[in-house]
Amino acid sequence: QVQLVESGGGLVQAGDSLRLSCAASGRTVSLYTMGWFRQAPGKEREFVAVVNLNTGSTNYADFVKGRFTISRDNAANTVHLQMNSLNPEDTAVYYCAARSPYRMRPGYDYWGPGTQVTVSS
């Protein structure tokens with residue numbers, strides 16, 4: 001089992017920055033893929049960014065390219081999401097997820113409880 005805990009959310013103004021963190025515990029996740037997703041009120045959960053902890057490769061949703069950066073700290077079993085130039089449309093609960101390298105079907109194996117990000121105009 002892997003436990004994920006997000007932190008770093010909060011209330012900011014448009015144009016501000018936030019850095020979210022996701023700490024993994026319970027099992028070494030150095031070979032896992034870690035992703036960030038978000039869900040705004042009344043909307044479906046959507047993909048934000050992902051990083052392969054083994055290779056370091058990353059991928060982003062088009063709407064965050066150039067503004068958000070995902071990074072890894074394998075020694076600390078932690079993944080960060082640096083969010084710059086935030087706008088009210090970024091308001092959502094942000095979730096961290098982990099995918100085992102041995103998972104054969106689409107999706108993620110573990111999810112954190114989420115952290116609220118609210119951007120005021």
Side-chain angles (χ1 to χ4, degrees):
Q1 287 285 349
V2 175
Q3 292 78 45
L4 303 175
V5 178
E6 304 94 340
S7 61
L11 172 63
V12 297
Q13 293 186 333
D16 285 351
S17 299
L18 274 177
R19 187 189 194 212
L20 304 183
S21 296
C22 174
S25 62
R27 179 176 294 181
T28 300
V29 295
S30 59
L31 298 181
Y32 279 51
T33 293
M34 302 284 288
W36 285 98
F37 294 77
R38 70 184 188 184
Q39 187 167 19
K43 295 186 177 181
E44 293 188 353
R45 186 163 55 191
E46 61 183 354
F47 164 76
V48 176
V50 64
V51 60
N52 184 303
L53 297 185
N54 184 35
T55 65
S57 63
T58 60
N59 194 22
Y60 297 90
D62 287 343
F63 58 79
V64 302
K65 285 182 179 178
R67 298 191 300 129
F68 293 9
T69 303
I70 190 170
S71 62
R72 57 178 177 158
D73 182 349
N74 284 14
N77 268 7
T78 300
V79 172
H80 304 286
L81 184 67
Q82 178 67 40
M83 306 186 296
N84 299 328
S85 302
L86 286 163
N87 58 63
E89 290 70 38
D90 295 316
T91 295
V93 177
Y94 283 71
Y95 298 92
C96 176
R99 175 188 174 95
S100 167
Y102 308 110
R103 183 182 177 92
M104 300 302 294
R105 61 190 187 280
Y108 285 74
D109 299 284
Y110 306 101
W111 292 84
T115 185
Q116 176 71 47
V117 172
T118 303
V119 185
S120 64
S121 57

*May I ask you to test the Leu53-Val79 pair for a side-chain heavy-atom distance under 4.5 Å?*
yes

*Taking all heavy atoms of Ile70 and all of Met34, pick out the closest pair and write down the distance.*
CD1-O, 3.9 Å

*asked:* Please report the interatomic distance CE(Met83) to CG(Leu20), rounded to the nearest 0.5 Å.
replied: 3.5 Å

_Phe37 reachable from Leu81 in the ILVMFWY side-chain graph, under 4.5 Å edges_ = no

*What distance separates Asn59 CG from Lys65 NZ, expressed to the nearest 0.5 Å?*
6.5 Å

*Are Leu4 and Tyr95 close enough that some pair of their side-chain heavy atoms sits under 4.5 Å apart?*
no

*Find the distance between CD (Gln39) and CD (Gln116) and round it off to the nearest 0.5 Å.*
11.0 Å

*Asp16 side chain to Leu86 main-chain N or O, any donor-acceptor pair under 3.5 Å?*
no

*Hey, quick one: are Phe68 and Val50 part of the same hydrophobic cluster, counting side-chain heavy atoms closer than 4.5 Å, chains of contacts allowed?*
no

*Side-chain donor/acceptor of Glu6 to backbone N/O of Gly114, under 3.5 Å*: yes

*What is the minimum heavy-atom distance between Tyr60 and Thr58, and which atoms define it?*
CE1-OG1, 3.7 Å

*Is there a side-chain contact (heavy atoms from CB on, under 4.5 Å) between Arg38 and Val117 once you walk through the steps?*
CA-CA 9 Å; Arg38 70 184 188 184; Val117 172; over 6 Å; no

*Is it true that the side chains of Tyr108 and Arg99 contain a donor and an acceptor less than 3.5 Å apart?*
no

*Taking Ser57 for the side chain and Thr55 for the main chain, is one N or O donor matched with an acceptor at less than 3.5 Å?*
no

*For side-chain contact (heavy atoms from CB on, under 4.5 Å), just list the numbers for Ser100 and Tyr32, CA-CA rounded to whole Å, side-chain angles, deciding distance to a tenth of an Å, and then say yes or no.*
CA-CA 5 Å; Ser100 167; Tyr32 279 51; 4.0 Å; yes

*asked:* On a heavy-atom basis, which atom in Thr91 and which in Ala40 lie closest, and how many Å separate them?
replied: O-CB, 3.6 Å

*asked:* side-chain contact (heavy atoms from CB on, under 4.5 Å) for Glu46 and Phe63? Distances and angles first, verdict last.
replied: CA-CA 11 Å; Glu46 61 183 354; Phe63 58 79; 3.6 Å; yes

*4.5 Å side-chain heavy-atom contact, Gln3 and Val5*: no

*Are any side-chain N or O atoms of Thr115 and backbone N or O atoms of Ser7, one a donor and one an acceptor, separated by less than 3.5 Å?*
no

*Can Val29 and Tyr110 be said to form a side-chain contact (heavy atoms from CB on, under 4.5 Å), step by step?*
CA-CA 11 Å; Val29 295; Tyr110 306 101; over 6 Å; no

*Just wondering, do Arg45 and Trp111 contact through their side chains at under 4.5 Å, heavy atoms?*
yes

*At their closest point, which heavy atom of Pro88 faces which heavy atom of Ser120, and how far apart are they?*
CG-C, 4.4 Å

*asked:* If hydrophobic clusters are built by linking Ile, Leu, Val, Met, Phe, Trp and Tyr wherever their side-chain heavy atoms come under 4.5 Å apart, do Val93 and Val48 end up in the same one?
replied: no

